[in-house]
Amino acid sequence: MAQRQQIALRVAALIGVLLLFFVSLELMGGAFKLMGKGFAETLLETTANPFVGLFAGILATSLVQSSSTVTSLTVALVATGNLTIPGAVPIIMGANIGTTVTNTIVSLGHITRPEEFKRAIAGATVHDFFNFMAVMLLFPLEVLFGFISTPAEAMTAALAGVGGTNLLSPLQFITKPISGLVIDLLGQNGIAVLVTGLAALFIALRYLVVLLKSLVMGKSEVFLHKYIFGSPAAAMLCGMVLTVMVQSSSVTTSVAVPLVGAGILSVRQIFPYTLGANVGTTITGMLAGLTLAGSGEVGATAGLTVAFAHLLFNLFGILFIYVIKPIREIPIRAAEWLGELTLKNRTAALAYIVVLFFLLPLLLVFVT
């Protein structure tokens, strides 16, 4: 009886810590939106060529911490005739890279514990390296041959009248009012909201790792390894379904980072899970797009095409990178190498985030 009470208390504590964790992600996203949304919108409006679009997508998404926001802005530009579908696809590719900055920032919560941090940063960045590789392979094909935009437009023409459904995320239903209240209490000050979000994140991660270790060991760990992460297909499906439920790939991938940091999961196990999250984040957009596209309005049809382009980018990435074993190893080895590097010098992780997600895209946008 006492053991059951202990488990119940730990589960209740885990739910509370997870809620704090999710609210911290909402606060960080809200902070970046307060500080960077206007700049991000201006950045996308001034997109002149595919290279600028790619780097603008990375920078804008890194600033607002939401690929959905950047995708929505892109759709609006397409709907008003200020951007073509082929011009929008590189922005979507960039958004796919930029959205991974959230789980990489989450890994910094382990920075005071070197071995844990080495595992966490590797688990977070395998997603980054996959997206980098996918862009390197698919961006030239899109620019030269319309490899993604052409089939996306064909899919829209075929399915626009089917109709879809709108999804309500139960997680956002809980966390958005809490984060909104905190943001209002802080006077919608972006810096204050960011500091509060980071503090909440570090506190949540500290106790999340402890609670996960105490609960997952034993039978729960066996279940986790045997069923959820027992095979790449199961992990990919889990990542996709969970992302559809919470409507955020950042949340789905970020919640798995502490599991890797705690040594419960490996980089190799989490890799297909993040790819499932990549696919899952496009499904809600497609369902909403199908609902709106039935009207035949240009803006709604453009939105569906952008959603299909996002889906095809992720599916082609999986086909070209994950399915081929020698290529599949590259992002895994790169992430593990970065983990080893941060073990020797933890500032390398900060440099990685600042340079690749902010400074380099900003420099290349203005130079280009």
Side-chain angles (χ1 to χ4, degrees), residues 9-43 59-73 76 95 98-112 120 124 166-212 242-243 245-258 261 281 284 350 353-354 357-358:
L9 285 172
R10 286 174 184 170
V11 170
L14 180 62
I15 292 170
V17 170
L18 280 171
L19 180 61
L20 179 63
F21 176 70
F22 294 138
V23 169
S24 74
L25 294 181
E26 285 280 354
L27 287 173
M28 287 197 302
F32 281 105
K33 284 175 186 175
L34 286 170
M35 294 186 291
K37 187 174 181 180
F39 175 71
E41 192 166 357
T42 303
L43 194 64
L59 182 59
T61 311
S62 299
L63 286 171
V64 302
Q65 295 260 306
S66 171
S67 59
S68 299
T69 299
V70 172
T71 302
S72 299
L73 290 172
T99 195
T100 63
V101 73
T102 303
N103 50 290
T104 309
I105 291 173
V106 165
S107 70
L108 296 178
H110 303 267
I111 200 167
T112 57
N166 290 313
L167 296 179
L168 173 67
S169 168
L171 181 62
Q172 290 183 353
F173 184 76
I174 298 168
T175 58
K176 274 192 177 295
I178 298 173
S179 62
L181 178 62
V182 174
I183 289 170
D184 288 339
L185 288 173
L186 293 172
Q188 297 197 1
N189 182 302
I191 294 174
V193 174
L194 179 61
V195 170
T196 304
L198 286 171
L201 174 67
F202 275 71
I203 293 168
L205 281 175
R206 178 69 188 94
Y207 292 101
L208 189 58
V209 171
V210 174
L211 287 165
L212 285 171
L242 187 58
T243 302
M245 289 173 63
V246 302
Q247 294 194 29
S248 172
S249 60
S250 297
V251 169
T252 306
T253 53
S254 295
V255 78
V257 170
T281 197
T284 51
L350 294 171
I353 292 171
V354 173
F357 290 100
F358 297 99

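This structure is a prediction, so every number in the text was calculated from the model and none was measured. If you read the sequence from its start, that first residue is 1, and numbering goes on from there.
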Would you say Thr99's side chain and Ala95's backbone share a donor-acceptor pair under 3.5 angstrom?
-> no

Closest contact, heavy atoms only, Ser24 versus Gly197 = CB-O, 3.4 Å

Measure across Ala124 and Ser107 and return the closest heavy-atom pair with its distance rounded to 0.1 Å.
-> CB-CB, 4.0 Å

List for me each residue that meets side chain to side chain donor-acceptor pair (under 3.5 Å) alongside Ser179, sequence neighbours excluded, and say none if there are none.
-> none

Results of side-chain contact (heavy atoms from CB on, under 4.5 Å) for Ile183 - residues two or more places apart only | Leu27, Leu34, Gln188, Val193

side-chain contact (heavy atoms from CB on, under 4.5 Å) against Ile203, all qualifying residues, sequence neighbours excluded | Leu20, Tyr207

Ignoring hydrogens and geometry, is there a side-chain-to-backbone donor-acceptor pair from Ser62 to Phe357 under 3.5 Å?
-> yes

When every non-hydrogen atom of Ala204 is compared with those of Val17, the smallest separation belongs to O-CG1, 3.2 Å

Is there side-chain contact between Ile353 and Ile105, with at least one heavy-atom pair below 4.5 Å?
-> yes

To the nearest 0.5 Å, what is the distance between OG1 (Thr104) and CG (Leu350)?
-> 11.5 Å

Of all heavy-atom pairs linking Ser254 and Pro258, the shortest is O-CD, 3.1 Å

What closest approach, in Å, do Thr100 and Asn103 show between heavy atoms, and which atom pair accounts for it?
-> O-OD1, 2.8 Å

